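Each ligand, and each atom within it, is numbered from 1 in the order the structure gives. Heavy-atom basis, side chains included; hydrogens, waters and symmetry copies ignored. In this text the structure is predicted, and so the values were computed from the model without any measurement.
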Amino acid sequence: MKIAVLPGDGIGTEIVAEAVKVLKALDLKFELETAPVGGAAYEAAGHPLPESTLSLAKSADAILFGAVGDWKYDKLDRPLRPEQAILGLRKALGLFANFRPAICYEQLTHASSLKPELVAGLDILIIRELTGDIYFGQPRGRRTAADGHFPGAEEAFDTMRYSRPEIERIARVAFEAARKRSKRVTSVDKANVLETFQLWKDVVTEVHQDYPDVALDHMYVDNAAMQLVKAPKAFDVIVTGNMFGDILSDEASMLTGSIGMLPSASLNDKKQGLYEPSHGSAPDIAGKGVANPLATILSAAMMLRFSLGQAEAADRIEAAVKKVLAQGLRTPDIYSEGTTKVGTVQMGDAVVNALR
Ligand code: NAD
């Protein structure tokens, strides 16, 4: 099992070190190879995703990714910015299915901005299509408007597009995932306004015929955004496009109280995957030893389950995380009165001890 370890920038190096420590504490054999990505790679090689990093990623069974980005790179040309590395990896590896679970741990119910009874026991899974939609659709650009409300004015435009096979494959991923959970899928669209999402709705409905054991409903994205804060536990698996998924998964992640707790996985059709915390590089706390490593540790658990066929080891890590929370250990982002504040390394050590 070969794992490409790409720590990246900011807190990326700190949190990935803890996840690697946890992986090494398992009785499994891995080949771990580290390479720079993002701003670190730009500094080292003049590009956020150097050829050597990309070929390592391609040759690995899975990628454990920290985070990239720093405000100091905001003035670089867009292709050289750290965040381009993630887009490059998604594209090169065909990582079209993004899994973002939003789980509210019993001990952290009070960290949510919603009432505890709304989030206690929350366990939903957002599946976001990752390689299509308005983020990648061509043509896009700036031009002088030939028509519209202000002909002759400067305008910018993007193209929202999805093809039938793109929708089919993500729908299948969602129905398969739902089969392993409570067998319910909500497909989120904007079919009342957008042609792209009328096709989305039609295709998801067709694919559903192959999964009669799974219940499907459709919801407009504006309503879904509302329902996520009104009654989040009414959802189980949500499947949606790239842009809606981007927004809804961040909204869902905050329901759980801390972005420092939430893992994610991006998979291709060969089950090769990129595993990373849902948060960014947090430059505001980088180097202070206070970042929460649990999202990255839980991402490593997802990696074991989805790409490396080690479901039992994944269960062990998840149980160890629950155990350290039950012991009252908290990094500052999830700290509350009566619990014990710890740093990044202590939290990683505690998970390793709980594994044993
Ligand atoms: P962020 O997620 O990095 O930080 C948002 C807030 O959450 C900050 O206050 C931060 O301190 C806190 N936070 C994040 N992770 C934490 C953790 N593990 N433990 C404790 N606190 C944590 O988002 P941002 O500030 O908007 O972006 C910072 C940089 O990260 C930007 O350059 C952005 O482009 C980049 N970014 C990268 C990714 C990625 O690598 N996948 C994702 C999002 C943002």
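Residue contacts with ligand 1, taken as heavy atom pairs separated by less than 4.0 Å, involve Ile86 solely via side-chain atoms from C-beta onward. Contact annotation: for Pro293 versus ligand 1, there are no heavy atoms closer than 4.0 Å. Counting heavy atoms closer than 4.0 Å to ligand 1, residue Ile11 contributes side-chain atoms (C-beta onward) but none from N, CA, C or O. For Val68, heavy-atom contacts with ligand 1 shorter than 4.0 Å involve the backbone as well as the side chain.
Applying the 4.0 Å criterion to heavy atoms of Glu83 picks out, from ligand 1, the atoms 31 (C), 32 (O), 33 (C), 34 (O), 35 (C). Close contacts of ligand 1 with Gly69, meaning ligand atoms under 4.0 Å from a residue heavy atom, involve 32 (O). Of all atoms in ligand 1, listed by their number and element, those nearer than 4.0 Å to a heavy atom of Ala291 are 19 (N). Atoms of ligand 1 lying under 4.0 Å from any heavy atom of Ala67, numbered from 1 in the order shown and given with element: 40 (O).
Using modelled atom types and a 3.5 Å distance limit, the side chains of Ser182 and Asp236 yield a donor-acceptor pair. A donor-acceptor contact under 3.5 angstrom links the side chains of Arg100 and Ser278, judged on distance only. For the residue pair Ser266 / Asn98, a side-chain donor-acceptor distance below 3.5 Å is found, with atom types taken as modelled. Looking only at atom types and distance, the side chain of Glu176 has a donor-acceptor partner in the side chain of Tyr211 under 3.5 Å away. For the residue pair Gln346 / Thr344, no side-chain donor-acceptor distance below 3.5 Å is found, with atom types taken as modelled. Donor-acceptor pairing under 3.5 Å is recorded for the side chains of His218 and Thr205. At a cut-off of 3.5 Å, with distance as the only test, no side-chain donor of Lys201 or Ser187 sits close to an acceptor on the other residue.
With hydrogens left out, the protein atom closest to atom 42 (C) of ligand 1 is Gly280 CA, 3.6 Å, a heavy atom. Among all protein heavy atoms, the one lying closest to atom 15 (N) of ligand 1 is His279 CG, 3.1 Å. Nearest protein neighbour of atom 17 (C) of ligand 1, counting heavy atoms only, is Asn292 N, 3.7 Å. Distance from atom 25 (O) of ligand 1 to its nearest protein heavy atom, with residue and atom name: Trp71 CZ2, 4.2 Å. The protein non-hydrogen atom at the shortest distance from atom 21 (N) of ligand 1 is Ile285 CD1, 3.5 Å. At the shortest separation from atom 12 (C) of ligand 1 among protein heavy atoms lies Ala282 CB, 4.4 Å.
At least one protein heavy atom sits closer than 4.0 Å to atom 8 (C) of ligand 1. For atom 27 (O) of ligand 1, the protein comes within 4.0 Å by no heavy atom at all. In this structure, atom 19 (N) of ligand 1 has a protein heavy-atom contact shorter than 4.0 Å. Closer than 4.0 Å to atom 33 (C) of ligand 1 lies at least one heavy atom of the protein.
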ring-ring contact (aromatic ring centres under 6.0 Å, His included) between Phe197 and Phe244: does it pass, once the steps are laid out?
CA-CA 11 Å; Phe197 276 91; Phe244 298 157; 4.8 Å; yes

Given the rule in the side-chain hydrogen bond (donor to acceptor under 3.5 Å, both in side chains) test, do Tyr162 and Asn242 qualify, once you have shown the distances and angles that lead to the verdict?
CA-CA 10 Å; Tyr162 265 123; Asn242 205 344; 5.2 Å; no

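When the heavy atoms of Asp284, Asp74, Leu6 are ranked by distance to atom 10 (C) of ligand 1, first place goes to Asp284. By heavy-atom distance, the residue among Ala286, Gly39, Ser281 lying nearest atom 29 (C) of ligand 1 is Ser281.
In terms of polar-atom proximity, defined here as any N/O pair under 3.5 Å, Glu276 does make such a contact with ligand 1.
For Ala295, the closest heavy-atom approach to ligand 1 does not fall below 4.0 Å.
Relative to the ring axis of Phe235, Arg184 does not place its NZ or CZ within 45° and under 6.0 Å from the centre. Judged by the 6.0 Å and 45° rule, Arg169 forms a cation-pi pair with Phe96.
Scanning all heavy atoms of the two residues, the minimum distance from Gly289 to Glu14 falls at N-OE1, 3.4 Å.
For the side chain to side chain contact (heavy atoms under 4.5 Å, CB included) test with Trp200, the passing option among Leu194, Ile170, Val188 is Ile170; the others fail.
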